Number of protein chains: 2
Amino acid sequence: MTTPAAFAATTALMAEPPRAAMLQALLSGEAMTAGELARVAGIGAPAASAHLARLVEGGLVTVHPQGRHRYHRLATEDVAAAIEMLGGLADRVAPPRRWPHGEAFRTARLCYDHLAGRLGVALHAGLVDRGWMAPAPGGWAPTPAGEAHLADLGVDLAAARSARRLACDCMDWSERRAHLAGGLGRELAACCLRRHWVSRLSGQDGGDALARRRLTITPEGARRLGDAFGFRLQP
Amino acid sequence: MTTPAAFAATTALMAEPPRAAMLQALLSGEAMTAGELARVAGIGAPAASAHLARLVEGGLVTVHPQGRHRYHRLATEDVAAAIEMLGGLADRVAPPRRWPHGEAFRTARLCYDHLAGRLGVALHAGLVDRGWMAPAPGGWAPTPAGEAHLADLGVDLAAARSARRLACDCMDWSERRAHLAGGLGRELAACCLRRHWVSRLSGQDGGDALARRRLTITPEGARRLGDAFGFRLQP
DNA sequence: CCTGTCCTTCGTCCTGGCCCGAAGCGCGCG
DNA sequence: CGCGCGCTTCGGGCCAGGACGAAGGACAGG
């Protein structure tokens with residue numbers, strides 16, 4: 001824990017509407033240019049530049065210059081988890097008018113680089129239930145049986161191991177239950193996207209910071225994932 | 001999730017040093033009067049009153065008038081979980097100078113009304129490992145075997161069931177791993193305190209918002225809990 | 001090399017919010 | 001009943017920081 005001053009300084013970085021809009025947009029896991037983020041936040045380029053500079057300075061966002069573009073992304077999973085949690089808190093503490101996405105958003109979505117929503121927690125529970133993942137220092141680790149089944153599904157375990165953390169919990173605000181983060185969570189999500197078991201909305205971007213996080217489960221995905229992990233998602 | 005405006009409004013409630021100090025102090029689970037909180041935050045009574053009014057208005061804090069005192073506490077577990085998580089984020093995103101508690105704080109502490117730190121995650125893992133708790137809609141539920149053993153330890157299961165949520169994950173910022181929240185988490189903590197397996201620091205209060213959250217594990221507690229849940233805490 | 005694009009820096013204005021001192025209410029105690 | 005204490009409301013001063021327009025630097029393409 002930190003001093004109240006440091007706590008407030010970090011929290012204040014998220015506490016302005018333009019920065020909040022930017023961070024929510026970045027929660028899709030994509031890297032975005034300063035211009036896109038300015039449009040998402042509904043402000044001018046100079047203001048956006050200043051906000052982004054503060055987010056970078058504060059360690060919440062990292063920047064990767066490429067040519068004349070500057071791509072921004074969330075610095076760590078922890079940042080994503082905190083935004084996710086605050087979004088859930090704001091949702092139930094001051095439920096004004098809901099965001100247009102509503103139910104669909106609770107079914108399946110991206111949380112930074114891994115799966116969240118009902119799908120995310122069902123996968124987490126399935127991994128534990130079937131003994132494919134067991135508690136380990138720092139979070140979870142796949143069991144031998146789990147490694148075999150995950151590899152069989154097409155999950156790149158070597159890539160998962162290269163992450164800073166192999167597997168850990170991330171609080172799911174809509175289900176109030178943990179879903180899987182860490183390298184394994186990332187590779188599981190990548191696998192689902194690669195094999196078209198879930199798909200992003202191919203919609204336009206623009207003012208809507210959340211649309212890019214929504215996922216739909218394909219019929220094929222519902223079948224394969226349901227069989228592998230032993231659940232049936234009610235829609 | 002909510003609109004960026006609502007997100008920012010809720011987040012801004014935590015983003016000022018005085019309010020952050022108050023919220024951190026309330027994270028001990030105790031109810032505190034406006035005057036105490038003013039002292040903790042280092043500001044005058046009028047300013048404290050205004051801050052508390054905003055926190056109540058925003059749904060983060062509830063107030064219970066008793067005589068000429070007004071007792072304040074965190075409104076829900078969700079609020080506590082969010083503060084916990086932001087504290088951890090600030091700690092690793094901008095690690096300036098550590099708070100004087102340091103290591104001891106990571107061993108065992110209160111998070112609102114349940115146990116956190118190494119002890120909290122060890123209990124969570126132990127419950128799952130031994131099959132005393134299994135995934136259930138909305139979080140976890142004790143198994144028949146678990147009910148027997150928990151009752152045997154002295155946990156009041158009836159009281160646990162009366163809570164809004166029986167048992168769910170709460171992210172532990174220092175261990176980066178879930179510990180147990182919900183009614184069961186609360187009763188487990190109450191049991192440990194009642195039986196003197198852990199004890200609060202009997203220190204003075206005052207400017208230190210965190211001291212009241214620290215817990216020490218008694219020798220008796222280390223033995224009983226270690227035997228029951230199968231872990232050994234290295235100090 | 002010149003042009004267009006993307007982004008940042010600078011200068012300026014302005015609003016929102018924090019703080020304190022003084023005064024007003026309500027409750028408990030003597 | 002009247003004093004004292006805890007807390008709130010009111011009024012005024014102050015400063016941080018957000019927004020914009022204009023100008024300046026970097027990069028790709030013709």
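Predicted, not measured: the structure shown is a model, and the values here were computed from it. Chain naming here is simple, since letters A, B, ... match the order of the sequence lines and numbering starts at 1 in each.
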Worksheet entry | Result of checking A:Val61, A:Leu55, A:Ile83, A:Leu60 against A:Leu26 for side-chain contact (heavy atoms from CB on, under 4.5 Å) | A:Val61

Worksheet item: Expressed in angstrom and rounded to an integer, what is the separation of A:Arg54 atom CZ from C:dT8 atom C1'?
Response: 16 Å

Worksheet item: Side chains of A:Asp169 and A:His124: do they bring a donor and an acceptor to under 3.5 Å?
Response: yes

Item to complete: With A:Arg177 as the cation and B:Trp140 as the aromatic partner, state whether NZ or CZ is under 6.0 Å from the six-membered ring centre and within 45° of the axis.
Response: yes

Response to the item:
Scoring nucleotides 19-30 of chain C by protein non-hydrogen atoms under 4.0 Å (B base, S sugar-phosphate only, - none) yields SSBB----BS--

Fill in: Rounded interatomic separation in angstrom, taking CG from A:Leu55 and P from C:dT8
12 Å

Practice prompt. From the options C:dC7, D:dT9, D:dG18, select the nucleotide whose nearest atom is closest to the side chain of A:His69.
Written response: C:dC7

Worksheet item: Does B:Thr11 use its side chain to pair, donor to acceptor, with the backbone of B:Phe7 at less than 3.5 Å?
Response: yes

Worksheet item: Quick one: A:Glu57 CD to C:dT9 P, roughly how many Å, whole number?
Response: 12 Å

Discussion item. Rounded to whole Å, please give me the gap between CE in A:Met32 and P in C:dC7.
Written reply: 11 Å

Worksheet entry | Length of the line joining B:His64:NE2 and D:dC7:C1', which is rounded to integer Å | 17 Å

Worksheet item: Can you name the one residue among A:Arg109, A:Arg118, A:Glu84 that meets side chain to side chain donor-acceptor pair (under 3.5 Å) with A:Ser174?
Response: A:Arg109

Worksheet item: Under 3.5 Å, is there a donor-acceptor pair linking the side chains of B:His114 and B:Arg186?
Response: no

Discussion item. On the nucleotide D:dA26, are OP1 or OP2 found under 4.0 Å from the side-chain N or O atoms that A:Arg70 carries?
Written reply: no

Item to complete: Could you tell me the separation between the CG atom of A:Leu13 and the P atom of D:dG17, rounded to a whole number of Å?
Response: 11 Å

